[in-house]
Chemist: 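Let me give you the structure first, and then I'll get to my questions.
Below, chain A is the first sequence line, B the second, and so on; all start at residue 1.
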Protein chains: 2
Amino acid sequence: MEKGKRHVSLKDLANEIGVSISTVSRALNNHPDISPEVTRKIQQLAAARNYTPNPLAMGLLKQATRMIGVIVPDLVTHFYSSIISGIEQVAEEKGYYILIASSNETLQKEIKAVNNLLKTRVEGLIVCLSQETRSYEHFDRLIQNQIPLVFFDRVCRMGEVPTVVVDNEDAAQKITRHFYRNGFRRIGYIAGPDHLSISQERTRGYLSGLKSCGLEFRPELLEKCNLSSNDAIEATGRLLSLPEPPDAIFGINDTIAFAAMKEIKSRGLRIPEDVALVGFTDEFHSTVVDPALTSITHPTFEMGQEAARLFFKRIENPEAKPDQVVLNTKLVVRKSSVK
Amino acid sequence: MEKGKRHVSLKDLANEIGVSISTVSRALNNHPDISPEVTRKIQQLAAARNYTPNPLAMGLLKQATRMIGVIVPDLVTHFYSSIISGIEQVAEEKGYYILIASSNETLQKEIKAVNNLLKTRVEGLIVCLSQETRSYEHFDRLIQNQIPLVFFDRVCRMGEVPTVVVDNEDAAQKITRHFYRNGFRRIGYIAGPDHLSISQERTRGYLSGLKSCGLEFRPELLEKCNLSSNDAIEATGRLLSLPEPPDAIFGINDTIAFAAMKEIKSRGLRIPEDVALVGFTDEFHSTVVDPALTSITHPTFEMGQEAARLFFKRIENPEAKPDQVVLNTKLVVRKSSVK
DNA sequence: AACCTTTGCGCAAACCTTTGCACTATTTTG
DNA sequence: CAAAATAGTGCAAAGGTTTGCGCAAAGGTT
């Protein structure tokens, strides 16, 4: 192999055998026009020389890069990396590659990521919105140009764009009822900021869960926080300092559940004897703490798979009505919520 | 904008203005040959039509895709995703994209990933070997063809390929000495399988650490396990059941440290009063458990950055002697190891 | 024997960009 | 005023692939 020349082309093969480029191309694609002997000879040489078609050339020709852009708020949390794994698995089966970009939870970087990915000619985008994102013009451009787009978890433009989310309301309801069944009656809830759809949905589930158990809603048991650990600790503190404190608390995500756990322990209260605790979080973290944390786990890998499937549906049939997929969560009961 | 036509080309602009493609190309590159008015007009139209050069065409022309292939054992652990973030950051600054593949810790998928990435014409590879990988032919092909290659964390072919690793021996030594300084004298160590270089290096550090503190090495205090949680629990059990059990234990990674923590607690022993504990793990997990776990943290993000930097060095100067970068770890002291 | 069909292959265009060279006007120089 | 320089633009090739069409030779049909 010549130095500096890293890949053989059809031309190289053609020259070596003494036929035209088209013949080589056809032979490799088993075109019936080419005689069996020639085909055999060409295919052997191609194998020997380790020929693989140049995807750049194919991309130019077919106007299809077989690449999908994926934008996530960050790369380092298990939730997103697991979803990416799911996307990757389905993409790989279809012979697609994914190009990953991180918005770092900022709108600015999200917009930049969209533009950069489009520049690279990805065939479309699979996106989870950043926490900041409240205007969606940068996606409207894709919608107008019929560039395939799928949202997951944090979504917008529903009805126009395929989405995959988990049933947050149902999940929160499950938690509430789980508490009820285990004898807890004063169920507290630490929510997130109002503008996040997941926070709203979970709040709805909390309320409807209370109702379905015949429990009355006590406003003082619903606390809000931004999603920081410190704020969550304060919120927990307020709940525990109530004249009639909750006997069970449900935190809206990882950070908050663990912060609540710390605060409860630091007040000398026992989990679950004095206060039960349930969170929304992933398997590994939940089993590492003491007591192991009962929690709602997301089907992250499946979520990624589903997002990718919706994407390919879109590629194959751009006109179809966009699907809205809702996945179910699972309540995994551990020690923190069972007396 | 026409439907179905997603990107404008030089040709489109040329036709619209009534000049040749070359003129448009030159105008956009501010070539002095083109008259100022024409240049201005073309640049305005290009901006209006949202023109961006087609990277496929550029790739074909320049024989450079501006893509780097990255292969990691898995995507879902913080260690790797954080490294990827580091790689991405440096790559982005250089206008490169990264294509991520996961080997799932198997040799077979690693080989497949190498081949697939080469097929896509990445300009080179940044790789962390899978746990299984003990033969390296699939990389020799790259070395021979002068395709840029960088290894991080788990490395091979040192001397031929740039590598970036952490100083595992030093890290293990730090831990041992930290124990000593805090009054612990019977220091246990739960190692991993022998064939892993990181396990060997850390064992060396453990031994030299003991020596430098004037402590004698007791073989019964060195336990081995495969890296599973159950095995680690058993190993911890054996240590704690010794006639003279250790007063401090050092676990070689996340899984093992947390498993040890569980086992210690389940025997009714207190951390750090009865047994101190230190692990190799990441920030988040360590602070979530109770007591917070003292641990060695890897400079993961920096490791990714460094790997990317070595990669570009290689691109710019393929002949240079490959660098071997060794990064320092940090011992973050928390409650689990200080009486 | 004259024509038609089939077989097997090559030419050239298209996808998009850059760039050396050629070309045409204009302007400058001797 | 003729010759030469200069400014401004277009042509065409290259990079790799697919594919409609054309073409030649061979075989088959009356």
Chemist: Calculate the interatomic distance between B:K11 atom NZ and D:dA12 atom C1'; express it in whole Å.
Modeler: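 Checked: the NZ to C1' distance equals 14 Å.
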Chemist: What I want to find out is whether B:K313 reaches B:D323 closely enough, with some N-O distance under 4.0 Å, to be called a salt bridge.
Modeler: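 Salt bridge flag = yes for B:D323 with B:K313.
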Chemist: Quick one: do the B:R157 and B:T163 side chains pair a donor with an acceptor below 3.5 Å?
Modeler: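 No donor-acceptor contact under 3.5 Å links the two side chains.
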Chemist: Is atom NZ of A:K109 surrounded by more than 12 heavy atoms (other residues, nucleotides or ligands) closer than 6.0 Å?
Modeler: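 Correct, the count exceeds 12.
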Chemist: Is it true that the side chains of A:R121 and B:T52 contain a donor and an acceptor less than 3.5 Å apart?
Modeler: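 A:R121 vs B:T52: donor-acceptor pair found between side chains.
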Chemist: Among the candidates D:dG10, C:dT18, C:dC15, find the nucleotide nearest to the side-chain atoms of A:L61.
Modeler: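 Among the listed nucleotides, the one closest to the side chain of A:L61 is C:dC15.
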Chemist: Expressed as a whole number of angstroms, how long is the span from A:H31:NE2 to C:dT6:C1'?
Modeler: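 Roughly 15 Å, once rounded to whole Å.
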Chemist: Given that B:G18 and B:M58 both sit by DNA chain D, which one's nearest nucleotide is further toward the 5' end?
Modeler: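 Whichever sits nearer the 5' end wins; that is B:G18.
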Chemist: Output the single nucleotide from D:dT17, C:dT18, C:dC16 whose closest atom is nearest the side chain of B:N29.
Modeler: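 In terms of side-chain proximity for B:N29, the closest of D:dT17, C:dT18, C:dC16 is C:dT18.
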Chemist: Atom CD1 of A:I21 and atom C1' of D:dT19: how far apart are they, to the nearest Å?
Modeler: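 So the two atoms are 13 Å apart, to the nearest Å.
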Chemist: Please say which of A:N115, A:N116, A:V114 ends up in a side-chain contact (heavy atoms from CB on, under 4.5 Å) with A:K112.
Modeler: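 It is A:N116, the one option of A:N115, A:N116, A:V114 that forms the side-chain contact (heavy atoms from CB on, under 4.5 Å) with A:K112.
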Chemist: Among D:dG16, C:dT17, D:dG10, which is the nearest nucleotide to the side chain of B:S20?
Modeler: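 Out of D:dG16, C:dT17, D:dG10, the nucleotide with an atom closest to B:S20's side chain is D:dG10.
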Chemist: Taking A:R309 first and then A:E93, would you say they form a salt bridge - that is, a charged N and a carboxylate O separated by under 4.0 Å?
Modeler: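 Salt bridge flag = no for A:E93 with A:R309.
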Chemist: Among D:dT17, C:dT17, D:dT9, which nucleotide sits nearest the side chain of B:I34?
Modeler: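 Nearest listed nucleotide: D:dT9.
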Chemist: Have a look at A:D33 and say if it touches a base, only the backbone sugar-phosphate, or nothing, with a 4.0 Å heavy-atom cut-off.
Modeler: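 Base: the residue A:D33, judged by heavy atoms under 4.0 Å, touches a nucleobase.
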Chemist: Return the 5'-most residue of the pair B:T52, B:R26 with respect to DNA chain C, ranking by each residue's nearest nucleotide.
Modeler: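 Comparing both residues, the 5'-ward one is B:T52.
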Chemist: Rounded to whole angstrom units, what separation is found between the CG atom of B:L60 and the P atom of C:dT18?
Modeler: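 So the two atoms are 13 Å apart, to the nearest Å.
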Chemist: Is any side-chain nitrogen or oxygen of B:Y51 closer than 4.0 Å to OP1 or OP2 of C:dC16?
Modeler: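 Looking at the OP1 and OP2 atoms of C:dC16, neither is under 4.0 Å from any side-chain N or O of B:Y51.
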Chemist: Figure out the CG/C1' separation between B:N15 and D:dG10, and round it to whole Å.
Modeler: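 My rounded result for the distance is 14 Å.
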Chemist: Tell me whether the count of non-hydrogen atoms from other residues, nucleotides or ligands lying under 6.0 Å of CD in A:Q108 goes above 12.
Modeler: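 It does not: A:Q108 CD has 12 such atoms or fewer within range.
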Chemist: Expressed in angstrom and rounded to an integer, what is the separation of A:N30 atom CG from C:dG8 atom P?
Modeler: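 Spelled out: CG on A:N30 to P on C:dG8 is 14 Å.
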Chemist: For the helix from C:dA1-D:dT30 to C:dG30-D:dC1, how many degrees between its two end axes (five pairs per end), to the nearest 10°?
Modeler: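 Here the local axes at opposite ends form an angle of 70°.
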Chemist: Between P on D:dT17 and CD on B:Q63, what's the gap in Å once rounded to a whole number?
Modeler: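 Checked: the CD to P distance equals 10 Å.
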Chemist: One thing to verify: whether B:R40 and B:E37 come together as a salt bridge, which I'm taking to mean a side-chain N less than 4.0 angstrom from a carboxylate O.
Modeler: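 So B:E37 does not pair with B:R40 through a salt bridge.
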Chemist: Mind calculating the distance between CZ (B:R121) and C1' (D:dT17) to the nearest angstrom?
Modeler: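 It is 11 Å, rounded to the nearest whole Å.
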Chemist: Counting any heavy atom closer than 4.0 Å, what does A:S25 reach on the DNA or RNA strands: base, sugar-phosphate only, or nothing?
Modeler: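 Answer is base: heavy atoms of A:S25 come under 4.0 Å of a base.
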Chemist: Using a cut-off of 4.0 Å on non-hydrogen atoms, how would the nucleic acid contact of A:S22 be classed: base, sugar-phosphate, or nothing?
Modeler: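 Base: the residue A:S22, judged by heavy atoms under 4.0 Å, touches a nucleobase.
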